[in-house]
Amino acid sequence: RAENESHYDSESFMSALQTTGDISTTCMPIPEDATFLDGVPAKKPKATVCPESPSNGSTPTIAPESSFHLSPTPFQHVLRIPFSPPLLPPSGGSPLQIIQTIGPYTPPLFGTVVPTGPTYVIVSPQCVSPGAQIFPLSPATGTVAPPELTGSVLPVGSSSDSACQGSPTVDTLSPTKDLQKHNDSTSPKAEKKIRPEAPECVKDYIHHTQSYMRDVCCSMRGGMGMESHYVDAHLVQRKLLIKSGKNANKCLEKELVVLSDSERKKAKLDRSQLFHNSDSKPKQSFALLGKAGAGKTTFIQRLCLDWASGSLPQFQFVFLLNCKILDLTQSNCSLKGLLLDLSMSPRCEDSDSVFKHILSCPDEVLIIFDSFDHIKDFEGLLQSPAKSHTNTKYTIKQLFSGLFQKEILSGCTLLIATRPKDVLNQVLRKMDSLLELCGFSPEDIELYTSKYFGDNTSLQESALKQIKNDRYIFSLCSNPLLCWTTCFLLEHQESGNDLPSTLTDLYQRATSKHLQLASLENSSLCKNRKLLDIPQLCKMAWEGFKNHDTHVNPASSTELLDCALKSGILTSFKTSECQKNHFADLFTQNLLSAVHLVQSKQVNEKMVVANSVVHQKKRKVQGESQDVLQRFVTGLVFQKAPDGVSILDSSVNIKAKRKAVETHLESMKPNDLLPARLLELFHCVYETSSAKFAKLLLKNLPDNLSFYGTQLCPSDVYVICHLLQYASTLKRTFSINLQDTCIPISGLKELVGLQCIKAFWAHTADTIGLWEDLHRSNDELNLKSAIEKFTLHPFKATEGYHIESLPVLVQIHREKKLPMSEPVSALDEGVPALRHLQRLEFELGVQNGPELFPKLVEALPSLESLQHLDLEKNQIGDSGAEKLAAKALASVPSLQSLSLYGNAIADIGAEHLALALPDMNFLLDLNIAFNKFTDLGAKKLGAALKNCTGMKSLELWNDCIPYGVFEHLRLQDPRIRSL
């Protein structure tokens, strides 16, 4: 092979002459000392060596000098090349033909090949120029091969072709290597894309839009300044657990990978990291998830303000679209109209020039869809996408589909903000990044409260003290909207008044105070409550709730709309084309809807019961909106109308409706409720403020409470703890499953500390975090209680995070101390949860099973009471079976049932298991069916079974065992079964 560009001796040249068949072609560099027959000296070569691998594995032969056939064609030069006699093959070998071309693979070349032996085509360096077309790289050597050569000399599917594809890469000097520096400098990855310079009209539009954004987004709700009052909420990177099956699209929250409290802290991101691409594949679609009141709209306003201030230089254009005011069925919209007319941007004077520039740089365009969950019809959202940038008219739904599927404006960045339960999962599954907006931490609550009251130090201190002293209100303030509502109420209520004790009372008081202030400001318009048609406002809210719509009918009375707008109950959204009024938030609309249901004479008791509490039978779920309405209806039915200005009318008799709700509560059977519905029942009972119904609920609760898979926020934890306190009077104790609930460690500490909780199961990492927190605070009594209450039985690992923390727990058990600490007296006997675990199911499947199985093997010897081990369908293979047999099975003498069904175990793995079987004295049943071992492995297992007199069954049938062999084994030992 050639190693030196300036000099090639005969040995290096001959070693490069490798051929594959009777007629094959090799491109070679011309040796420096070679001369042509006509006296023309060979120029310094820069050609490519393309050696062909022998197709049949034999060593190629080269004919002696007498056997060389030189073509007489005038289009070539024939070379004199000094060959060393020892390098030439013996007489009788195939002739060798050497051709030097003039043009780059001109047709006359192929007519010169004499079909008598190997042919070598020598390419002159003049044939390659930087401007010539560079063909795709050969899979064999990385060299350039033109289609004419591969099509005429080596037919598709030939043995030479297949051999070439499998031959090793040869590192040689070549024209393509000489051009490598040029190619590197002009490669798409290294080349900075040249942007067309924006015309002056486009620059003016961008500056105008940024100025407009600064004016529109500079303030938050209540007139507070964004710069002065905004508390930067963190984001948490979330991942989807892709499920299959007919029910896979029912609920997104069940598909989000649940993070422990410690994992959530590690996964936190700042606002500046939102569009940061750490992966090789650029992210172009983002989903911002958050419950009602989490601050999604405020976060987006802050993002737009960042862009207007120059903090997002990667985007020339930002278009904000509010889905509340978009008519997705409107069929006369174009992409240009969607971006320039329907977005929250100023009117564009030269829309054609601006849109033309947008099309020229799509990767510098950010399109935001706020309130995406307000899309009414998700059916067919990703079908029939728009495919044209021109003035073709589409529906807005088709335009979104086209943007999302990159059919139009490919390369732009999409950001949608939505609630997790109310959005179509098919869209979020295809998002490049899922981000959840965190609520306020305790530190954020203090910071927001101090910013809200500003320079009024005395009021600030008084408000913060009241919030901290009321645990329920403090837990509600983790929601930014409810934190603002609480601060508003503290600012305007009379001193000495207690804070509300329920969510219903909080929002009823705040809404009434809003209307009162609006009436005082507009005394000529609303002199008294009668002039303000509150029942009409409540009816509009109910009609909107039924239609999943926040829009207010513009035909309503002007006085009512003006007062509602001034009070903040309604808010106005403007675009360049229209202005629409909407209810300000979900809580306000749902409270007014509940007032209509409770106080309207047109609504009967049956309708009230249908929208209050939780129902046993499965109904169509409306998500978070329905949950909030149920709490408000239940709370209003049991709440007395307060004195003064209120949205409640004390003259309305609601006794019949209250009695109907009471009857429904008394008939509830919590045993039959799913975890999410059980949580809602807890909230509805809490809203009644009735000890009678709290005790009734606890009396009917099962001994094993489960909130598995239901995300618990601080207010959820408070409500559960508050109601469980009544258990002491009933002398009841409970086990509680908090697995996959995202419960914060502070909430876990509060729940585990209850006397009525005898056992709990939570994320292993969070449990260890709880123990460390109690140890740091020197709370040894509660630490011992938390260690004793923790349980793992039965342990069912369905996700990787169920196993990843298990080695740490085993280490604590073995060393009898917490990580990075001294020995703890509470751990003198290890971790009881590991000692008492009897059943373990490892169900990570093909994707994660083989990777995490070694961690399980390391933990098994510590499970001294384990009786049932289920390892079905994890593809652990022979290596996994060997590890299991060598390290774990003999260390778990109590094991009675072992299932290795469908794990791709072959004969080697079966042999290792057969060696371990006699030492498993208590094993009764072994299921190793549907693996890959043959009759050899089956016979080994059958022979081992003879030494296991206590075993009752061995299932080992699979397709690799001959039926006759299996029947013979079964006749020898009837404990061998097929199914």
Can you tell me which residue among I473, L499, L459 is in a side chain to side chain contact (heavy atoms under 4.5 Å, CB included) with L490? L499
Reference residue I736; test side chain to side chain contact (heavy atoms under 4.5 Å, CB included); the match among V752, L705, L754: L705
Between S593 and N590, does a side-chain hydrogen bond (donor to acceptor under 3.5 Å, both in side chains) hold up when you go through it step by step? CA-CA 5 Å; S593 300; N590 285 15; 4.9 Å; no
Just checking, is any N or O donor in the side chain of [X] or [Y] under 3.5 Å from an acceptor N or O on the other one?
X	Y	answer
T504	E687	yes
K513	Q516	yes
Q508	S512	yes
H514	S567	no

I'd like to know if [X] pairs up with [Y] as an ion pair, taking the criterion as any Lys NZ or Arg NE/NH1/NH2 lying under 4.0 Å from an Asp or Glu carboxylate oxygen.
X	Y	result
K468	E446	yes
D585	R221	yes
E543	K546	yes
E662	K692	no

Sequence neighbours left out, what pairs pass salt bridge (charged side-chain N to carboxylate O under 4.0 Å, His left out) with at least one residue falling in residues 491-507? D505-R509
By the salt bridge (charged side-chain N to carboxylate O under 4.0 Å, His left out) test, which pairs, at least two apart or in different chains, include something from residues 715-740? D703-R732
For the pair [X] and [Y], name the ring-plane relationship: parallel under 30°, tilted 30 to 60°, perpendicular over 60°.
X	Y	answer
Y507	F632	tilted
F372	F369	perpendicular
Y448	Y452	tilted

Separation between CG of L678 and OG of S706, rounded to the nearest 0.5 Å: 8.5 Å
Going by ring-ring contact (aromatic ring centres under 6.0 Å, His included), F573 matches just one of H582, H374, H551. Which one? H582
Main chain of L503, side chain of Y472: is a donor-acceptor contact present, judged purely on distance under 3.5 Å? yes
Look only at the side chain of K657 and the backbone of V603, and say whether a donor-acceptor pair between them is shorter than 3.5 Å. yes
